[in-house]
Amino acid sequence: MQIDFTQYTRAETLTRAADAPAAIVFETEIGPLAIAKHGGDWRLTFGTSALPDYALVDAAAFVRPACVETAPGRYRLGDDCEWLELDSAPVRVRVGRKGWLDDPLTSLTDEHFRGWTRLPAFARGPEGWLAAFALDSGEPVYGLGEKFGPLNRRGQFVTNRIEDALGVNTELSYKSIPFLWGLKATGGCWGALVNTPAHVHHAVGYPQWSHRSYAVLCEDAQLDLFLLCGPDPAHVLGRCAELTGKPALPPFWSLGVWLSRAYYRTEAEILAAADECRAAGFPADVITFDGRAWMVVETRATLDFDTARYPDPKKTIDKLKAQDFKVCCWEYPLVSIHNAEYADLEKRGLFLREADGSPHVYDWDVKPGTSPFGAVLTPLPPSGILDFTNPEAVAWWKARHDRLWALGVDTMKTDFGEQVVDRVVAHNGDSGRRLHNVYPRLYNQAVFEATAKAKGRENACVWGRDGWIGAQRFPVQWGGDPQTDWEGMAASIRGGLSYGLSGVPYYSSDVGGFYGSKQPEPELYLRWIAAAVFCSHFRFHGIGIREPWSLGDEVARHARAWLDLRYRLLPYLWGCVEIATRTGLPVMRAMALAFPRDRAARAFEEQFMFGPSLLVAPILKPGNAVELWLPEGGWYDFWTGQRVEGGRMLRAQNVPLDRLPVFVREGHVVALARAVSHTGQIDRKSPIDEVRVYGMPANEPVAGDGVLSLRFEGTRIYLSGAGDASLRVYDCTATRESAAIAFGR
């Protein structure tokens with residue numbers, strides 16, 4: 001993106017204005033600047049706006065800070081512990097926090113030879129608002145949503161705009177969040193969140209602008225910028241969760257296996273898949289009627305079953321429920337012009353409109369004879385886009401789901417949502433360009449709330465594709481449409497880790513890949529299953545066969561073992577999910593988050609921590625080998641219990657298809673359930689079948705619902721809340737005498 005910065009008006013001087021109730025206010029050349037504070041975090045708002053804010057953040061806790069003019073044009077806000085210094089000529093900031101961010105976050109320091117900063121520190125121009133901050137050499141920066149390339153954004157130019165990316169091979173993505181954070185070499189972590197639904201561009205040490213600066217360009221009517229600081233990334237992610245909403249707790253059953261393909265074409269096909277799954281002994285919890293599986297494409301989507309294929313949909317769903325499947329149905333927020341209800345909905349104003357008030361019709365086939373999906377999927381009909389800024393449209397769409405709940409449907413796959421074009425106008429007066437990014441949030445929220453009302457909050461989730469600020473409040477999102485090859489799998493892993501680094505803790509990929517010139521080869525398929533076992537959520541999905549029992553005996557045998565492990569890990573995984581709801585920490589934790597001060601660890605961007613205890617190194621190429629980094633400390637091979645000293649790189653070779661390099665941190669305890677066919681067979685009050693102790697425990701076990709606790713007396717370990725004395729307990733320590741383990745005290 002090329003910008004002529006000479007066309008930007010820079011903020012040069014500060015004039016103290018009348019304070020607002022919760023902010024200190026200054027006048028500048030580019031409009032008012034309001035500054036508020038909460039703890040060590042700061043809110044800087046340039047300009048004013050009457051446009052809808054969509055309640056993306058909770059700014060109510062921010063208050064007016066103390067402010068002292070320490071010299072003409074220089075102000076110090078806050079106190080000796082948490083402070084922001086503000087200078088004029090030009091306007092610049094420094095943000096610090098004693099003991100956390102002793103090396104302050106400052107406005108850019110890149111000065112041009114001709115005597116001014118290469119970029120404005122704060123400015124407004126034709127493209128929007130600009131702010132720029134200094135980056136030190138080697139300072140890594142992470143976040144900005146689901147991005148599929150290198151996790152460290154340093155050197156990248158990233159645009160936050162939700163896109164139907166049609167793959168995972170470019171910077172385009174379905175989940176884009178204007179939040180990022182960086183690590184100071186001297187200690188401490190800073191974060192920046194741009195509170196807006198508009199497009200945001202980030203030049204993160206981008207050499208064409210300035211390799212030593214982070215510049216953010218916001219296309220909104222105002223710049224509402226939150227600057228966060230903390231001792232480490234976990235703290236900053238927690239602060240972001242406080243601002244944008246704590247992650248919701250997804251249903252326990254959602255952690256099981258989801259079966260899907262694009263798509264089960266008939267009632268017989270979906271029932272056969274369910275029968276084969278249970279007959280072959282594969283564990284699974286959810287089965288999906290995907291896009292073309294249950295509605296007539298030409299007239300969709302008013303959530304009506306195709307009566308030609310499903311004359312009695314309740315009977316079909318009852319058969320699936322009888323086999324202990326939860327049922328998921330696909331949807332999208334568009335209604336075909338060929339639908340019998342279209343005219344009435346259009347007359348009631350439930351669709352987005354053109355600027356002249358005429359109905360907007362979204363035409364998928366933008367060029368004659370072409371389709372966005374080519375020959376891969378069925379061409380789609382011209383459609384109206386539901387206007388979720390209209391309360392009547394929201395109410396109608398929520399109520400429309402009632403017929404599905406009555407049939408026994410449990411949850412919805414909320415697909416698409418990226419189709420809002422710039423020129424349309426919404427019911428609330430917003431433009432399509434400004435609505436574009438936040439539209440999927442409104443869509444997912446409506447369906448999530450409809451589900452919660454019908455099923456109870458404990459059973460509410462969606463299977464959504466898109467995400468913006470606050471997506472964690474309406475879980476779960478999956479990584480859409482990876483190519484069926486090794487690079488598609490690697491990019492999916494990076495996408496999930498990147499999303500977690502952006503404040504959203506739950507993620508899944510299309511296991512096996514969504515599209516490609518051929519079906520997944522066995523080695524790739526099994527390595528994808530193995531990696532996905534250690535994601536928060538797991539779904540088989542793609543064009544063609546994705547069910548493991550249909551891909552040969554060897555694939556089926558190994559896949560069954562991996563899925564059994566997935567279900568055995570559920571007590572631990574549920575504990576990780578509970579941690580996420582309290583702290584905002586993702587289930588899949590990139591090494592930069594888990595070991596931020598280990599520079600070598602940060603370089604291994606495809607391995608990750610699964611919760612606080614397990615390190616996972618996916619195999620991303622043919623050949624059964626992978627290089628991985630073990631951070632300092634003791635680690636135990638998950639499979640053998642052998643202790644390995646960290647602080648070094650390992651090369652795992654000849655790794656069989658039923659194994660993956662997985663290591664447990666010393667001092668941790670892993671609780672496992674027994675293998676089951678679905679989550680309904682797990683006793684939530686006493687779910688644990690086996691406990692593995694890795695070294696003398698230094699940490700409480702991670703297990704959901706508070707089902708397991710420890711107490712120590714010397715070398716004796718007392719477990720409670722885990723069941724009776726028949727529970728299997730293994731001391732996996734290889735370098736010390738076994739600790740005695742007892743129960744009930």
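Start at 1 with the first residue, then count along the sequence.
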Using 0.5 Å steps for rounding, measure from the [atom1] atom of [X] to the [atom2] atom of [Y].
X	Y	atom1	atom2	result
W116	F5	CH2	CZ	14.0 Å
I3	W209	CD1	CH2	5.0 Å
L501	L237	CG	CG	7.0 Å
R441	Q445	CZ	CD	5.5 Å
T302	M295	OG1	CE	8.0 Å
Q477	S536	CD	OG	9.5 Å

Can you give me the closest heavy-atom contact between [X] and [Y], atom names plus distance?
X	Y	value
V168	A491	O-CB, 3.5 Å
A446	V394	CB-CG1, 4.1 Å
P382	V361	CB-CG1, 3.6 Å

Note: E354-R423 ion pair, threshold 4.0 Å (strictly below):
yes
Less than 4.0 angstrom from a charged side-chain N to a carboxylate O is my criterion; do D387 and R348 meet it?
no
For Y263, does the six-membered ring have the charged nitrogen or CZ of R265 within the cation-pi criterion, i.e. under 6.0 angstrom from the centroid and within 45° of the normal?
yes
Is the NZ or CZ atom of K453 positioned over W405's six-membered ring, under 6.0 angstrom from the centre and within 45° of the axis?
no
Taking it one step at a time, do R434 and D220 satisfy side-chain contact (heavy atoms from CB on, under 4.5 Å)?
CA-CA 8 Å; R434 193 169 184 273; D220 212 347; 2.7 Å; yes
Assess whether side-chain hydrogen bond (donor to acceptor under 3.5 Å, both in side chains) is satisfied between W396 and E341, documenting all intermediate values.
CA-CA 12 Å; W396 179 81; E341 298 188 58; 4.6 Å; no
Is [X] reaching over with its side chain to a backbone N or O of [Y], donor-acceptor style, under 3.5 angstrom?
X	Y	value
H202	V158	no
Q156	P150	yes
N444	G464	no
K175	R465	yes
W294	Y264	no
K246	G584	no
T484	Y515	yes
S498	G145	yes

Which of N195, V236, T244, V504 passes side chain to side chain contact (heavy atoms under 4.5 Å, CB included) with F179? Answer is V236
Positive for side chain to side chain contact (heavy atoms under 4.5 Å, CB included) with H201, one of E127, E219, R161:
E219
Report the C-alpha distance between D224 and T45 in whole Å, list the side-chain angles of each, state the deciding distance to 0.1 Å, and finish with yes or no for side-chain hydrogen bond (donor to acceptor under 3.5 Å, both in side chains).
CA-CA 4 Å; D224 195 18; T45 308; 2.7 Å; yes
Can a donor-acceptor pair be found between the side chains of [X] and [Y] at a distance below 3.5 Å?
X	Y	result
R300	Y332	yes
Y443	D466	no
T451	H401	no
S336	E298	no
W478	D510	yes
D481	Y174	yes
W468	N437	no
T288	D290	no

Yes or no on salt bridge (charged side-chain N to carboxylate O under 4.0 Å, His left out) for D304 and R400, after CA distance, side-chain angles and deciding distance?
CA-CA 9 Å; D304 307 291; R400 198 71 181 188; 3.6 Å; yes
Are side-chain heavy atoms of [X] and [Y] found at a separation under 4.5 Å?
X	Y	answer
F148	P482	no
P359	R353	yes
H436	S431	no
W364	Q419	yes
P52	T389	no
K147	E171	yes
I469	P178	yes
T411	W463	no

side-chain contact (heavy atoms from CB on, under 4.5 Å) between L435 and F388, intermediate numbers included
CA-CA 10 Å; L435 178 65; F388 288 109; over 6 Å; no
Which class fits the ring pair Y310 and F305: parallel under 30°, tilted 30 to 60°, perpendicular over 60°?
perpendicular
Anything under 30° is parallel, anything over 60° is perpendicular, the rest tilted; go ahead and classify W129 against F46.
tilted
Pair R43, H38 - check side-chain hydrogen bond (donor to acceptor under 3.5 Å, both in side chains), show working.
CA-CA 8 Å; R43 182 184 191 183; H38 179 224; over 6 Å; no
Would E392 and H427 count as a side-chain hydrogen bond (donor to acceptor under 3.5 Å, both in side chains) if you check the C-alpha gap in whole Å, the side-chain angles of each, and the deciding distance to 0.1 Å?
CA-CA 10 Å; E392 186 181 350; H427 174 81; over 6 Å; no
Can you check side-chain contact (heavy atoms from CB on, under 4.5 Å) on Y439 and I385, steps first, answer last?
CA-CA 10 Å; Y439 181 86; I385 303 177; 3.3 Å; yes
Pair F122, L44 - check side-chain contact (heavy atoms from CB on, under 4.5 Å), show working.
CA-CA 11 Å; F122 297 101; L44 283 68; 4.2 Å; yes
CD (E487) with more than 12 external heavy atoms under 6.0 Å:
no
